[in-house]
Q: 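Sharing a structure below in structure tokens format, with a few things to ask.
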Amino acid sequence: MATMMLEIARPGTRHNPFARLAAGRILPVLVVSLALLAIWYVATIGLNARGALDQYERDERNDWTIAELIADTMRQERPLLPAPHQILVELDKSVLQIAPTSRRSLVYHGWVTLSAAFVGFAMGTLLGIVLAIAIVHVPALEHALMPWIIASQTIPILAIAPMIIVVLGSVGLVGLLPKAIISAYLCFFPVAIGMVKGLTSPDPLQLDLIRTYSATEGQLFRKLRFPAAIAFLFASLKVAIALAIVGAIVGELPTGAQAGLGARMLSGSYYGQTVQIWAALIVAAIVSGLSIAAVGLAERVTMRAMGSAP
Amino acid sequence: MKRNAIITVVAGLIALFLPLGAAGSFLAHPLALALWLVAIAAAVAPQLRALGPAAVAILTTISTALGAAALYRLILAGAIGSDALGIWVGTILLCLMLWRTLQHIAALCAATRGTAIRLAAPILVGLWALILWQIITVGFAIPGVLLPPPSEIGVAIAASLPVLGVDFMQTFVRSMIPGYVIGCGAGLVVGILVDRVPFLQRGLLPIGNLASALPIIGIAPIMVMWFGFDWQSKAAVVAVMTFFPMLVNVIAGLDALGRVEHDLMRTYAASYGQTLLRARLPAALPFIFNALKINSTLALIGAIVAEFFGTPIYGMGFRISTAAGRMDIALVWATVAVAALSGSAAYGAIAVIERSLTFWHPSLRKA
């Protein structure tokens, strides 16, 4: 922030509109994105050229030109790296053209993944908040549980996703819940850590003030600790929702590619349908970005309702 | 406090006379009976006579352990299932006793500043979780495919050590470590390079932040297609996964040096390289270590999950998915235990290095 202010204040640049744009954020992000897109196209040509050349050889064509070659690298059915516009066409086909209830629609698969992620997110958030409240109020728990909560995250939970799915499947639990449980396990950690930090964030002066009002423990929690923790809670929720979606996607891998974005990726990798994998990947990225934005929106609304600066 | 003692004695004696299923009753097993009575006595003793807090904590710990031993002895003798009521009353009583032990230890923690005391509570809880797991899975005769008892997992580990070793070499040493080094190294170098061009930095930071929140693990099938089934594709997934958290943290960390320190370096007429090496990189170390720690867990997950999309016939991910498919759940848990141990060890090693390199940081200074 400090460097940004300095640059704007430097004499001479003030009246140069480009310099002001460059000092902002939109132009740099745009330029970098365009550069990445350009690199992608170049990589498409480089990676797919071999496939196109092999095709020419099989067709015994020797009169191809460079322009034809470049065009052909972006027209293959199963390219090593599909060009961005190929993915866009696939997205248009599987998102907009097909009815959202069809099994070939990415909206349907996205919803399967997202619903599991949301249920897991809700469960994990609840567990995280309850754990944090218990830890803050019971000193014995703080010493006993905190190290294990941290250690729980060094266990690669996603690695045991297949086992959780298989085991829960053998007792008759199939579909949404097993995936949601994996999501919940990933979610609870950032929420618990953030909430413990947030609930203990009121400083001694504030605690003393509330005590001079002879507030009960419940009032102290309702009027001071919980409001103070809200900002921390939302920061954690943004991390948690992204993790929940990752958990749901990985949870779909061992179910034998039935439904969901993870299943689309898996079946795409079985059949070499690279465009399908990339389309599922892009939808996953969009869904994840939108969910984070939604949490951000909820944060802004809540913070405004609580009267803090917008 | 007297009330607690009365509850302990009454519940302990009630457990003695409850039915124990196939094992008959407590009175038929003198060893278990003796252990149980000593446990109750040790639990009650601190409430009848004033003892030091350390003595109380040790005494209650011992009593919980003896009580668990007594119950387990009965379970082995056949006290299984929901008709062995005495076992379950006893287990609940033991949980309450452990709870009081934890309170005593918390009081000790508040009074003294020893590391051993600080470790005692989490170790006790971990051990107790294992004991409870064992008592419940054996006592309720839970089928092994659902949840094997820890003892069975221990047997599986001991029996399949060579297999687990090969898997560890493939996934941890050959896939994860190269990917981790490449990803973190590239993130560090790109972060430093980008830092010289503020325009690029402002453009890359939001994109990097977005990318670290995306399900990058999804590129695993693509990488398998590009780099083949062996470790190269797994290392590539790990490298991409670890790149963005490192990039974002390096960019943030290089901004962490204060104005005053910058000015000081300038008064020394330090060059860009000297400022970077002597002031800015050390100031960025807490951020870099933060990324290294996040990445250590991410990397293991990436390496294992990438194996679900195709591997040679070894590797932790391969073992987990095939053993789960064959319902060999004990082997799955054994692999998970190895993964958890190696993940925790990697995390711990990085934390130890962090402590020795960023000892000056406020969060590590002693109060």
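Convention: sequence-line order gives letters A, B, ...; per-chain numbering from 1.
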Q: With a 4.5 angstrom heavy-atom cut-off, which part of B:I219 approaches chain A: side chain, backbone, both or neither?
A: both
Q: Between A:V246, A:L36, A:L281, which shows the greatest number of heavy-atom pairs under 4.5 Å with chain B?
A: A:L281
Q: Is the closest side-chain heavy-atom distance between B:W226 and A:T274 below 4.5 Å?
A: no
Q: Got A:I277 and B:M225 here, is their nearest side-chain heavy-atom distance under 4.5 Å?
A: yes
Q: Among B:V224, B:L147, B:L102, which residue forms the greatest number of heavy-atom pairs with chain A at distances under 4.5 Å?
A: B:L102
Q: Hey, does B:F199 have a side-chain heavy atom less than 4.5 Å from the side chain of A:L27?
A: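 Yes - at least one pair of side-chain heavy atoms lies under 4.5 Å apart.
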Q: Is A:P28 close to B:L200 at the side-chain level, that is, under 4.5 Å between some pair of heavy atoms?
A: no
Q: For the CD1 atom of B:I207 and the CG atom of A:L30, what is their distance to the nearest 0.5 Å?
A: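 Result: 9.0 Å between the selected atoms.
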Q: Which bit of A:V138 is near chain B, if near means a heavy-atom gap under 4.5 Å: side chain, backbone, both or neither?
A: side chain
Q: Is any side-chain heavy atom of A:V29 closer than 4.5 Å to a side-chain heavy atom of B:L204?
A: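 Counting from C-beta outward, A:V29 and B:L204 never come under 4.5 Å.
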